Asks: 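Below you'll find the structure I mean.
Values in this document were obtained by computation on a predicted structure and should not be read as measured data.
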Amino acid sequence: MGESFGRISIGGFLLLMFLLGCSAGRGGSIPSASSPLVGQWRQTSIATGNQSAKCPATMPLPGGSTTSCSGNDMIEFQPNGTFTATFAGSSVKGSGTWRLTGNNLSLTFTAPPSVAGRSQSAIIRFGDGGKTVNINSKLGETPTTETYTRQ
């Protein structure tokens with residue numbers, strides 16, 4: 001998916017946000033430095049339907065599209081409730097606000113302009129003593145799991 005915002009894995013994760021453009025639920029507490037999500041995370045794997053791969057990888061999706069990860073795609077969650085996402089080999093960056101309520105992660109995008117104002121929710125699960133996080137959502141109708149490792 002190259003230079004486009006749809007380079008998901010975070011690329012996958014952020015593309016999901018772009019494609020679905022669903023409204024995130026309101027409410028919950030304001031993010032803080034004590035949140036287990038605060039920090040920098042690197043995507044290490046992606047799974048869709050019955051296939052999975054370690055990054056870097058590109059996987060086909062129903063309808064002829066693909067999802068991919070480079071192995072150096074990063075997302076950083078700040079304690080003030082903002083996030084930034086960078087994709088290796090691309091000048092496209094995602095940013096916006098986040099809220100974690102239980103295991104429901106809600107993101108609202110402020111950039112890039114093509115997705116500004118859109119929101120998305122996903123279910124997350126921490127593992128390995130908080131060193132990894134799995135983000136479970138859907139890309140279209142395809143269940144997707146992205147795994148990130150704390151940096």
Side-chain angles (χ1 to χ4, degrees), residues 1 4-49 51-55 57 59 61 65-88 90 92-151:
M1 298 189 142
S4 73
F5 180 74
R7 184 174 150 51
I8 190 156
S9 323
I10 217 159
F13 182 59
L14 293 179
L15 176 60
L16 173 64
M17 310 315 148
F18 172 72
L19 292 177
L20 298 180
C22 299
S23 290
R26 303 249 187 245
S29 61
I30 295 172
S32 71
S34 64
S35 172
L37 198 56
V38 169
Q40 190 175 53
W41 299 84
R42 180 178 59 86
Q43 187 171 10
T44 56
S45 68
I46 189 166
T48 59
Q51 53 186 342
S52 63
K54 292 185 182 217
C55 300
M59 303 178 107
L61 296 172
S65 62
T66 62
T67 186
S68 63
C69 58
S70 75
N72 290 311
D73 296 335
M74 305 290 288
I75 189 165
E76 185 167 3
F77 295 96
Q78 299 293 330
N80 67 358
T82 62
F83 74 90
T84 56
T86 57
F87 310 99
S90 173
V92 175
K93 293 186 181 200
S95 63
T97 59
W98 67 275
R99 180 178 307 275
L100 181 62
T101 306
N103 64 350
N104 186 30
L105 174 63
S106 299
L107 300 176
T108 300
F109 290 85
T110 57
S114 60
V115 295
R118 294 196 184 183
S119 298
Q120 179 61 44
S121 293
I123 302 299
I124 66 171
R125 302 271 187 243
F126 290 95
D128 195 19
K131 295 177 185 174
T132 63
V133 64
N134 289 327
I135 300 174
N136 301 299
S137 54
K138 284 191 174 185
L139 193 54
E141 293 298 315
T142 304
T144 302
T145 300
E146 297 178 21
T147 302
Y148 294 84
T149 302
R150 184 178 296 281
Q151 299 299 287

Asks: Is Arg99 reaching over with its side chain to a backbone N or O of Asn104, donor-acceptor style, under 3.5 angstrom?
Replies: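 No; zero donor-acceptor contacts below 3.5 Å.
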Asks: Atom CD1 in Ile135, atom OG1 in Thr145: separation rounded to 0.5 Å?
Replies: 10.0 Å
Asks: Which heavy atom of Pro112 sits nearest to which heavy atom of Lys93, and what is that distance?
Replies: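 That closest heavy-atom pairing would be CD-O, 3.4 Å.
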Asks: Donor-acceptor pair, distance only, cut-off 3.5 Å: does the side chain of Thr144 make one with the backbone of Thr142?
Replies: yes
Asks: For Tyr148 together with Phe126, are the ring centres under 6.0 Å from each other?
Replies: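 No, ring centres 6.0 Å or more apart.
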Asks: For residues Leu37 and Leu105, determine if any side-chain heavy atom of one lies less than 4.5 Å from a side-chain heavy atom of the other.
Replies: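 Yes, at least one pair of side-chain atoms sits under 4.5 Å.
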Asks: Would you give the length of the straight line joining atom CH2 of Trp41 to atom CE of Met74, rounded to the nearest 0.5 angstrom?
Replies: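 Result: 10.5 Å between the selected atoms.
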Asks: What distance do Thr86 atom OG1 and Glu76 atom CD have between them, rounded to the nearest 0.5 Å?
Replies: 9.0 Å
Asks: Kindly give the heavy-atom pair with the smallest separation between Phe109 and Val115, and that separation in Å.
Replies: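 It is CB-O, 3.5 Å.
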Asks: What residues form a side chain to side chain contact (heavy atoms under 4.5 Å, CB included) with Thr149, not counting sequence neighbours?
Replies: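 So Thr149 forms a side chain to side chain contact (heavy atoms under 4.5 Å, CB included) with Thr44, Thr132, Gln151.
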Asks: Mind listing the closest non-hydrogen atom pair of Gly39 and Arg150 along with its distance?
Replies: CA-NH1, 4.0 Å
Asks: Could you tell me if the ring centre of Phe77 sits under 6.0 Å from that of Trp98?
Replies: yes
Asks: If you round to the nearest 0.5 Å, how far is OG1 of Thr67 from CE of Met59?
Replies: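 That separation rounds to 8.5 Å.
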Asks: How many angstroms lie between atom CG of Asn134 and atom CD of Glu146, to the nearest 0.5 angstrom?
Replies: 10.0 Å
Asks: Apply side-chain hydrogen bond (donor to acceptor under 3.5 Å, both in side chains) to residues Asp73 and Ser70 and explain how you reach the verdict.
Replies: CA-CA 6 Å; Asp73 296 335; Ser70 75; 2.9 Å; yes
